[in-house]
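As the structure is a prediction and not an experimental result, all values here were calculated from the model. In what follows, chains carry the letters A, B, and so on, assigned in the order in which the sequence lines appear, proteins first and then strands, with residues in each chain numbered from 1.
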2 protein chains.
Amino acid sequence: MVKVSVEMEQAAVILKLLGDKTRLTMLKLLDEHTCCVCEFVEIFQVSQPSISQHLRKLRDVGLVKEERKGQWIFYSLNKTNAYYTFLVPLLEQLPDQRYRLKELEENGTRINCC
Amino acid sequence: MVKVSVEMEQAAVILKLLGDKTRLTMLKLLDEHTCCVCEFVEIFQVSQPSISQHLRKLRDVGLVKEERKGQWIFYSLNKTNAYYTFLVPLLEQLPDQRYRLKELEENGTRINCC
DNA sequence: TGCGTATATAAGTATATAGTTATATACTTA
DNA sequence: TAAGTATATAACTATATACTTATATACGCA
């Protein structure tokens, strides 16, 4: 008997959240680095509220956690979350996204806020 | 360097398809057994077109394949599909759905068509 | 305290999605 | 060939989703 880590309904909820290119990329990035909202805004070239709303959805199911450091709020993967082990084999198969952070560093937008 | 099995955009498309309870359960069932449309109709208690439309989406990305046997069309997981290995660790973590087929057998609705 | 920056939330909108009913197509069998 | 069963597609509808702009809140610093 294979161990079941999540129920069907919960799994579908999580997978629906991952089924968005922006959120999926966010999670892959967060698996590699802590990021703040303004970095995501720069990376994805969408409005700041749009990023906040994506992060809220991920936070609402506990996939990510936030930590305020002064003016900025840093997001990271919540590795204690029940769904984290469900996520891991997925994220492992996704292409490395660290080049995006490197791009930020190159044009100075990473330094600006973090 | 971890081997990348899928690109971001494709992964998001696949995960969005999995982010629906009906389709996710279908895939888990198909991982265990071949099924035909009428069985899914019975299991999920939705209209036949609804089931057909779900199956079409899964077929369009190549996750499932169909095989006509007389009057019936049997669906199964397409294990040669590029996304199959992406899927496997996910499906493994989902609860076994064979009890649903057992239920069909018990009330005779499995026999009716397959 | 007042201003600038970072983030969150509210409200609105366009599009996507999942279901429905109606109908078409394909096969089986009398 | 006609009737019955299985499946697919078309058209429609209600709801969900992802974005936008406008505004509120929180923090740092002069």
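- Here the options are H33(B), E32(B), K102(B), the test is side-chain contact (heavy atoms from CB on, under 4.5 Å), and the partner is Q97(B); only E32(B) passes.
- Below the 3.5 angstrom threshold, one finds a donor paired with an acceptor across the side chain of Q53(A) and the base of dT20(D).
- Comparing dT20(C), dC27(D), dT7(D) by their nearest atom to the side chain of R68(A) picks out dC27(D).
- Whole-Å rounding puts the K65(B) NZ to dT7(D) P distance at 18 Å.
- Side-chain N/O atoms of S50(A) include none lying less than 4.0 angstrom from OP1 or OP2 on dA18(D).
- Between the CG atom of D20(B) and the C1' atom of dT17(D) there is a distance of 14 Å, given to the nearest Å.
- As the counterpart of dG12(C), dC19(D) is assigned, both hydrogen-bonding distances of the Watson-Crick or G-U wobble pattern falling under 3.5 Å.
- As rounded to whole Å, 13 Å separates atom C1' of dA6(C) from atom CG of L55(A).
- Counting atom types as modelled, Q71(B) pairs no side-chain N or O with a base atom of dT28(C) as donor and acceptor under 3.5 Å.
- Of the two residues near DNA chain D, K16(B) and I51(B), the one whose nearest nucleotide lies more 5' is I51(B).
- In this structure the side chain of K57(B) reaches within 4.5 angstrom of the side chain of R23(B), judged on heavy atoms.
- Between L24(A) and L94(A) the shortest side-chain heavy-atom distance falls below 4.5 Å.
- By the 4.5 Å heavy-atom criterion applied to side chains, F40(A) and C35(A) are counted as neighbours.
- Residue Y75(B) places at least one side-chain N or O closer than 4.0 Å to OP1 or OP2 of dA8(D).
- Following rounding to the nearest Å, D60(B) (CG) and dA18(C) (C1') show an atom-to-atom distance of 16 Å.
- Sequence order on DNA chain D of the closest nucleotides to Q48(B) and H54(A) puts Q48(B) first from the 5' end.
- Contact annotation: K69(B) does not reach the phosphate of dC27(C) (side-chain N/O to OP1 or OP2, under 4.0 Å).
- R23(A) places its CZ atom 12 Å from the C1' atom of dA16(D), with the value rounded to the nearest Å.
- Within the structure, a side-chain polar atom (N or O) of R56(A) is placed less than 4.0 Å from OP1 or OP2 of dT9(C).
- Taking atom CD on E39(B) and atom P on dT5(D), their separation rounds to 18 Å, with Å as the unit.
- Base pairing analysis places dT17(C) opposite dA14(D); the two distances defining the Watson-Crick or G-U wobble pair are each below 3.5 Å.
- Remark: K69(B) qualifies as a cation-pi partner of F74(B) under the 6.0 Å distance and 45° angle criteria applied to the six-membered ring.
- Atom P of nucleotide dA16(D) and atom NZ of K21(B) are separated by 16 Å, given to the nearest angstrom.
- When rounded to the nearest whole Å, the span between NZ of K57(A) and P of dT17(D) equals 6 Å.
- Panel note: side chain N81(A), backbone G62(A); a donor-acceptor pair is recorded below 3.5 Å.
- Using a 4.0 Å heavy-atom criterion, one finds that F40(A) contacts no nucleic acid atom at all.
- Closest to the side chain of C36(B), out of dT9(C), dT7(D), dT20(D), is dT7(D).
- Looking at heavy-atom distances under 4.0 Å, F44(B) makes no contact with the nucleic acid at all.
- Remark: S52(A) is not in phosphate contact with dT7(C), judged by side-chain N or O atoms under 4.0 Å from OP1 or OP2.
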